[in-house]
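Worksheet: one structure, shown below.
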Amino acid sequence: ATGSIFASAGLTTITPSATNPMLATQHWATFHRVIDNDTSGGRLLATYIRTTLQGTKVAVVNDGGDYGKAFARSVQNPLGKRVVLTATVSESRTTFKTLIKHIRAKHAKVVVFGGYDPQAGLLAKQLVKAGYPGKIVTGDGAMDSGFARTAGAKAAARTFLAAGIAPPTLNASFTTAYHAAYGKAPAFYALESYDAARVFLAGIGQGAGTRAAVLDAVDHYDASGLTKKIAFTSHGELVHPTLWVYQPKGTGFVAKAHLR
């Protein structure tokens, strides 16, 4: 909504949280992000599904929305012939009896769902209730505090959520300083926000005093942040994509793997 305005004004932006891939295709020279987009981690996640989750047969489902389709496609393509079923369900769908019947008939070991919570939670719950013995994989669209409650404990224990967000307590020094300043532990995106600020401050510290100079400094930034090594492509995307895999626990999520 604001990207074109910032671009016209030459005002550099760095988002710590916006993951829509389309943002980097608008020819906004000022756009940057310190988090992977919704599709850049697809190949990393596909490798995790093949190796760690032993996904010899995979069903890929999406909710028909832009995010859901992009996420599902990014994982489906590198999995190739391991994908034994693809399906699209409406975003308002709450029961999946027929879909689950097809998934079980194909003997899928892993079900990938592109979409949002609570639909992801409902699908996971109904899969397990129907006797599905495999794993469920979804993305950051389902990373809601209510996921485990919707899915139920058994389904949550078999669900893996992929996201470009680093665990908020990844850096002990940052966690201690954050708690001292605000009286609580950092939440998701706190580390990415800090990294974004440091990119700007590095340029200002080197003497960038105009919008053009700040843009040039950000474009050429290349250093390790708290979450990852940060450098930008000509489209403002990260040069070095990384992906975290989480599992639900209560109202939160526990990091299980860091893919890069």
Side-chain angles (χ1 to χ4, degrees), residues 1-7 11-26 28-42 44-45 63 65-71 74 114-118 120 138-147 160-171 174-175 177-178 181-182 184-203 214-215 218-219 221 223-233 235-246 248 251-255 258-260:
T2 56
S4 62
I5 298 171
F6 291 142
L11 186 63
T12 306
T13 60
I14 306 174
T15 174
S17 60
T19 58
N20 188 332
M22 296 300 292
L23 294 173
T25 67
Q26 306 301 312
W28 298 331
T30 54
F31 173 81
H32 307 76
R33 59 176 141 215
V34 291
I35 189 170
D36 295 337
N37 68 43
D38 291 329
T39 60
S40 62
L44 294 172
L45 181 56
D63 67 355
D66 290 342
Y67 163 74
K69 289 190 294 185
F71 176 83
S74 75
Y116 295 97
D117 180 81
T138 187
D140 58 352
M143 288 186 73
D144 183 88
S145 59
F147 180 88
F160 298 80
L161 299 99
I165 323 164
T169 55
L170 177 65
N171 184 284
F174 179 85
T175 300
Y178 191 99
Y182 304 110
K184 59 183 179 181
F188 279 119
Y189 301 108
L191 285 170
E192 285 79 10
S193 299
Y194 187 80
D195 277 348
R198 284 180 57 171
V199 174
F200 278 125
L201 291 172
V214 169
L215 176 58
V218 172
D219 281 344
Y221 187 87
S224 294
L226 297 186
T227 60
K228 60 184 73 71
K229 184 174 175 60
I230 298 173
F232 301 105
T233 69
H235 299 290
E237 299 279 21
L238 287 168
V239 173
H240 311 285
T242 67
L243 195 69
W244 288 87
V245 177
Y246 294 89
T251 58
F253 299 88
V254 176
H258 186 198
L259 314 178
R260 48 194 157 177

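We use all heavy atoms of the structure for the numbers below, so side chains are in, but hydrogens, waters and symmetry mates are not.
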Using every non-hydrogen atom in the two residues, find where [X] and [Y] come nearest and quote the distance to one decimal.
{"X": "Phe31", "Y": "His235", "answer": "CD2-O, 3.8 Å"}
{"X": "Leu45", "Y": "Phe71", "answer": "CD2-CZ, 3.7 Å"}
{"X": "Phe232", "Y": "Gly236", "answer": "CD2-O, 3.6 Å"}
{"X": "Thr227", "Y": "Leu170", "answer": "CA-CD2, 4.4 Å"}
{"X": "Leu238", "Y": "Thr233", "answer": "O-CG2, 4.1 Å"}
{"X": "Ala187", "Y": "Pro168", "answer": "O-CB, 3.2 Å"}

Does a side-chain heavy-atom distance below 4.5 Å link Tyr67 with Asn20? no

Margin query: For Tyr194, I'd like to know if atom OH has over 12 heavy atoms of other residues, nucleotides or ligands within 6.0 Å.
Written below: no

How many angstroms lie between [atom1] in [X] and [atom2] in [Y], if you round to the nearest 0.5 Å?
{"X": "Ile14", "Y": "Asp195", "atom1": "CD1", "atom2": "CG", "result": "10.0 Å"}
{"X": "Asp144", "Y": "Leu161", "atom1": "CG", "atom2": "CG", "result": "10.5 Å"}
{"X": "Phe174", "Y": "Leu226", "atom1": "CZ", "atom2": "CG", "result": "6.5 Å"}
{"X": "Glu237", "Y": "Ile35", "atom1": "CD", "atom2": "CD1", "result": "11.0 Å"}
{"X": "Ile165", "Y": "Ser17", "atom1": "CD1", "atom2": "OG", "result": "8.5 Å"}

Any sub-3.5 Å donor-acceptor pair from [X]'s side-chain atoms to [Y]'s backbone N or O?
{"X": "His32", "Y": "Thr13", "value": "yes"}
{"X": "Asp140", "Y": "Met143", "value": "no"}
{"X": "Arg33", "Y": "Ala18", "value": "yes"}

| message | Can you confirm if the aromatic rings of Phe188 and Tyr246 lie within a centre distance of less than 6.0 Å? | response | yes

The side chain to side chain donor-acceptor pair (under 3.5 Å) partners of Thr19 (sequence neighbours excluded) come to Asp38

- Query: Would Asn171 and Tyr178 count as having a side-chain donor-acceptor pair, cut-off 3.5 Å?
  - Reply: no

